[in-house]
Amino acid sequence: MPELPEVETIRRALVEPLTGRRILLAELRLPRLLLGFPAADFSAKLKGQKIRAVIRRGKYLVLELDKYALIVHLGMTGQLTAASRDATENPNFHKTVTGLQKPVGVHPVDKHTHLILHLDQGGRLLFRDPRTFGKLVLVPGHKWREHPRLSKLGPEPLEMKIAEVVPTFPKDSIRPVKALLLDQEFLAGVGNIYADEALFLAGIHPRRKVKTLKPAEKTVLLKAVQSVLRKGIKYQGTTFSDYRKPDGGKGGNYERLMVYGRGGMPCRICGTTLHKTVVAQRGTVFCPLCQPLASPRKKPV
DNA sequence: AATTCGCCCTGTCGGC
DNA sequence: TGCCGACAGGGCGAAT
């Protein structure tokens, strides 16, 4: 699922091909993905709009247009592909990629392609989402930060001051700490992959109750969140199924994960078999030795 | 008020 | 070989 590093990778790759381009035609092929705006008006409103900026907030991508903002959430399986004028359709675009190889051409318009923006200079932006958990929102003006979907988002993990966020941990909360990391009102952009990775790096059990965390542990955890997100961006995101960069290539971070997707395999640090369980209704992998739930009791004399 | 649960959706995979 | 249930999970609204 695209989380902050994946969305940021996509954003960076779209800045050059999209900024300054004018939308000639917008094809919305699955109208139910569009929220809060009459689907019938969508194409008419977008036509002629120039893309002014490509911005990320949490897991949301925002295209600032002349008079609107187009907010995109990729859900679990959303893909954005930028195609230049001379890109040819490759029927195997999504299947031929192995490793970090970059596919040739552009993905064809298939049954999972839900939005096509035709741009001046011959380029196209295609939005593809097999499981349709993605969402599109068109907001008049540029006050997209006030939209209900974004207004309550927590701080950006890579811009926050840790000393300012440590006091925002709920003091009496009995929630497992992983649930807090996944809460977009606490931090914006952390999802299941990077929550598990951050907890491992911090040496904190995903089921630890928030109220039992010491201040030093909160600091370590927030630093770990920043660390795993930066690493994710550095390697251009984690591809384990559907995530692709706008050129169709896979991210390079999956092979570098410490715990996510590695249940039953040995811990890269201590060799202990990694546990797979469910925390906060999400599949969760952790190392029982590196991430103890309780501090080790002194052996009775 | 805090927290959990159910739902949306479809490709993939393991079991028989 | 083919069918089928289980599974993956972000975010929202309902339920507790």
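A, B, ... follow the sequence lines: proteins, then strands. Residue 1 opens every chain. Below, all heavy atoms of this structure are taken into account, side chains as well, without hydrogens, waters or symmetry copies.
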Starting at the 5' end of DNA chain B, which residue's closest nucleotide do you reach first, A:S173 or A:R282? A:S173
Do A:F133 and the base of C:dG11 stack face to face, with centres under 5.5 Å apart and an angle between planes under 30°? no
Which residue lies toward the 5' end of DNA chain B, A:I174 or A:P130, if each is placed at its nearest nucleotide? A:I174
First of A:R131 and A:R149 reached from the 5' end of DNA chain C, by closest nucleotide: A:R131
Can you tell me the distance, in whole Å, between the CG atom of A:L182 and the C1' atom of C:dG11? 11 Å
So what does A:F240 touch, heavy atoms closer than 4.0 Å: a base, only the sugar-phosphate, or nothing? nothing
Taking 4.0 angstrom as the limit, do A:D120 and A:K50 come out as a salt bridge? no
From the candidates B:dT3, C:dC12, C:dA8, the one with an atom nearest any side-chain atom of A:R175 is B:dT3
Whole-Å distance, A:R207 CZ to B:dT4 C1', equals 14 Å
Report which part of the nucleic acid A:G191 touches: base, sugar-phosphate, or nothing (heavy-atom distance under 4.0 Å, all strands). nothing
May I ask you to verify if any side-chain N or O of A:Y243 is less than 4.0 angstrom from the OP1 or OP2 atom of C:dA8? no
Without decimals, in angstroms, what is the distance between A:L180 CG and B:dA2 C1'? 13 Å
Is it true that A:T113 and A:D110 share a donor-acceptor pair across their side chains at a distance under 3.5 Å? yes
Could you tell me whether the phosphate oxygens of B:dT10, OP1 or OP2, come under 4.0 Å of any side-chain nitrogen or oxygen in A:K111? no
Quick one: is B:dT10 close enough that its OP1 or OP2 comes under 4.0 Å of any side-chain N or O from A:H112? no
Think A:Q281 has a side-chain N or O under 4.0 angstrom from the OP1 or OP2 of B:dC5? yes
Identify whether the distance between the nearest side-chain nitrogen and carboxylate oxygen of A:R52 and A:E64 falls below 4.0 Å. no
Any idea which of B:dT4, B:dG11, C:dG10 is nearest the A:N192 side chain? C:dG10
What orientation do A:H205 and A:F286 show, parallel under 30°, tilted 30 to 60°, or perpendicular over 60°? tilted
Between C:dG11 atom P and A:R57 atom CZ, what is the distance in whole Å? 12 Å
Expressed as a whole number of angstroms, how long is the span from A:R32:CZ to B:dC8:C1'? 8 Å
Is any side-chain N or O of A:K152 closer than 4.0 Å to OP1 or OP2 of C:dG11? no
Between C1' of C:dG9 and CG of A:L181, the distance in whole Å: 16 Å
Salt bridge A:K245-A:E6, side-chain N to carboxylate O under 4.0 Å: no
Assign A:K276 to base, sugar-phosphate, or nothing according to its heavy-atom contacts below 4.0 angstrom with the strands shown. sugar-phosphate
At 4.0 Å (heavy atoms only), tell me whether A:K59 reaches a base, stays on the sugar-phosphate, or touches nothing. sugar-phosphate
Hey, is the side chain of A:Q184 poking within less than 4.0 Å of OP1 or OP2 on C:dG10, counting only N and O atoms? no
Could you tell me whether a side-chain N or O of A:E3 sits under 3.5 Å from a main-chain N or O of A:Y194, the two making a donor and an acceptor? yes
